[in-house]
Amino acid sequence: MEVWGFVKKPIAVTLDPQGKVLCPNALNMMWIWGNSAFPFSSEKEESFWKVEAWTLELLVDRLEPNLPTWVSQQKVVCFYGGVQMEWIESFTTATKGVAKALDIGLEMVYVGKNNAKERVKKITGLIKEKQLSHAWEDENVWFFWNRLESMLYSKTQHGKTIENDVIKQEVMTMLAYDGSENGWAVFFTGSDEMVRANGEKVLSSMKSFDEWEKLAKQMGFIPALRKHLDGITDDHHCTRLILPGNGGGIPERVQCAECGRPMEMYFMYRCCVE
């Protein structure tokens, strides 16, 4: 177990008929690509990553059944998370107002927060009751965050650093957003245009839509929002990244999702009493 790096979370070591280790933890491959990754080996894992890109399909997988329809209808799709109900109400209301002003199709999906099952269940109920947006059930929320962690550990096993790997950088940014108590949002279109931001920045952008409305009508919603977000300076921010030990290896170098500066390494112990 020490050789394979087993700590607490389950692992699946795959062996060939001669007993040679093919993959030190095939669970990562199973969560990311499912049965298509069989036979599970490190070589197969690396070949899969060579053809992957940071797309809506990689992020969401098959968790949202309406996604193909929304993409074919050329809608803007927003996935968002967090556990502050006040922010969720303000953000969804303001974003719907922007979409109406631009006369664009918009679909919003709440994807919860990692390791906060009871809080997420309560918020999901309120979102549905108030008809604020779509919201995933417990099992989809768990699978979504588990896949993101699996992507990070898979990339780390293959020696990918954040400086030279876009997917790893985006995954770590998503996990850092989740490490905060604040909300966050990521917007996609079918052409794989994407923009993301933490809750404070994206909410303030929606509320100040009059500042970039003209630009949005000229160049489109996502490019205009990205340009507006790039112009927001945020000198004071707190970004956390909580990574459970599972034998996948913890990255030695982590960049802040907000400013790009290297983050200091600390140990964070967390007891979830839910």
Side-chain angles (χ1 to χ4, degrees), residues 8-10 27-28 30-32 34 56-70 75-96 99 106-153 170-188 196-203 206 238-246 257 268-274:
K8 182 179 179 181
K9 298 186 73 175
L27 277 182
N28 291 330
M30 295 176 189
W31 297 140
I32 301 169
L56 181 56
E57 286 73 19
L58 178 62
L59 174 65
V60 180
D61 193 46
R62 298 168 297 278
L63 295 174
E64 179 49 65
N66 296 306
L67 191 57
T69 301
W70 295 342
K75 289 185 175 182
V76 172
V77 183
C78 171
F79 293 91
Y80 71 96
V83 287
Q84 293 182 342
M85 194 62 207
E86 183 179 352
W87 178 86
I88 290 172
E89 286 197 71
S90 298
F91 171 65
T92 53
T93 301
T95 305
K96 290 176 186 177
L106 170 72
E107 297 291 347
M108 306 184 74
V109 184
Y110 176 65
V111 301
K113 181 177 176 64
N114 199 15
N115 297 321
K117 185 176 180 179
E118 294 304 318
R119 282 186 292 172
V120 168
K121 184 181 294 185
K122 181 179 179 181
I123 290 171
T124 297
L126 290 171
I127 289 173
K128 291 181 178 179
E129 178 185 328
K130 298 184 179 185
Q131 298 183 328
L132 299 177
S133 74
H134 302 278
W136 283 347
E137 299 299 328
D138 292 349
E139 58 272 18
N140 280 18
V141 172
W142 177 87
F143 193 68
F144 175 78
W145 292 109
N146 196 71
R147 280 187 78 247
L148 283 174
E149 287 181 357
S150 294
M151 289 182 204
L152 174 58
Y153 290 125
E170 294 297 332
V171 167
M172 292 184 75
T173 297
M174 296 288 290
L175 292 172
Y177 283 163
D178 185 64
S180 168
E181 288 299 314
N182 301 319
W184 58 270
V186 54
F187 294 88
F188 277 93
R196 52 166 170 73
N198 67 35
E200 183 180 348
K201 290 173 72 172
V202 74
L203 177 57
M206 295 304 157
C238 180
T239 302
R240 299 183 300 171
L241 183 61
I242 302 173
L243 299 175
N246 74 342
M268 177 174 284
Y269 294 89
R270 188 176 184 213
C271 177
C272 183
V273 295
E274 295 191 72

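In this structure, a donor-acceptor pair under 3.5 Å is absent between the side chains of Tyr80 and Thr95.
In the displayed structure, Gln131 atom CD is contacted under 6.0 Å by at most 12 heavy atoms of other residues, nucleotides or ligands.
Salt-bridge check for Glu129 with Lys122: failed, with every basic side-chain N at 4.0 Å or more from each acidic carboxylate O.
Residue Asn198 holds its CG atom at 11.0 Å from OG1 of Thr173, rounded to the nearest 0.5 Å. If you take CD on Glu89 and NZ on Lys130, they are separated by 3.5 Å, rounding to the nearest 0.5 Å. Atoms CD and CZ, on Glu107 and Phe79 in that order, are 10.0 Å from each other to the nearest 0.5 Å. Note that the CG atom of Leu67 and the CZ atom of Arg62 stand 12.0 Å from one another [nearest 0.5 Å]. Considering CD of Gln84 and NZ of Lys113, their distance stands at 9.5 Å, rounded to 0.5 Å. Taking CD1 from Ile88 and CG from Leu203, the interatomic distance works out to 11.5 Å, rounded to the nearest 0.5 Å.
Thr93 places no side-chain N or O within 3.5 Å of a backbone atom of Ser90 that could act as its donor or acceptor partner. A donor-acceptor contact shorter than 3.5 Å is absent between the side chain of Arg147 and the backbone of Val60. Within the 3.5 Å criterion, the main-chain N or O of Val111 finds a donor-acceptor partner in the side chain of Trp145. A donor-acceptor pair under 3.5 Å links the side-chain atoms of Lys96 to the main chain of Leu132, judged by distance alone. Without hydrogens or angle criteria, Asp61 side chain to Leu63 main chain gives no donor-acceptor distance under 3.5 Å. Between the side chain of Trp87 and the main chain of Gly199, a donor-acceptor pair closer than 3.5 Å is present. Asp178 contributes a side-chain N or O that, together with a main-chain N or O of Asn114, makes up a donor-acceptor pair within less than 3.5 Å.
By the 4.5 Å heavy-atom criterion applied to side chains, Asp138 and Lys117 are counted as neighbours. At a threshold of 4.5 Å between non-hydrogen side-chain atoms, the residues Phe144 and Leu59 count as touching. Taking 4.5 Å as the limit, some side-chain heavy atom of Tyr110 sits within range of a side-chain heavy atom of Val120. The shortest side-chain heavy-atom distance between Met151 and Trp31 does not fall under the 4.5 Å cut-off. Phe187 is listed as a side-chain neighbour of Val202, based on a closest heavy-atom distance under 4.5 Å.
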Requested in this report: Walk me through it: do Glu64 and Trp136 pass the test side-chain hydrogen bond (donor to acceptor under 3.5 Å, both in side chains)?
Outcome: CA-CA 8 Å; Glu64 179 49 65; Trp136 283 347; 3.0 Å; yes

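Contact between Val141 and Gly112 at its shortest, heavy atoms only, is CG1-CA, 4.3 Å. Scanning all heavy atoms of the two residues, the minimum distance from Ile123 to Gly82 falls at CD1-O, 4.3 Å. When every heavy atom of Ile127 is checked against every heavy atom of Ala135, the shortest pair comes out as CG2-CB, 4.3 Å.
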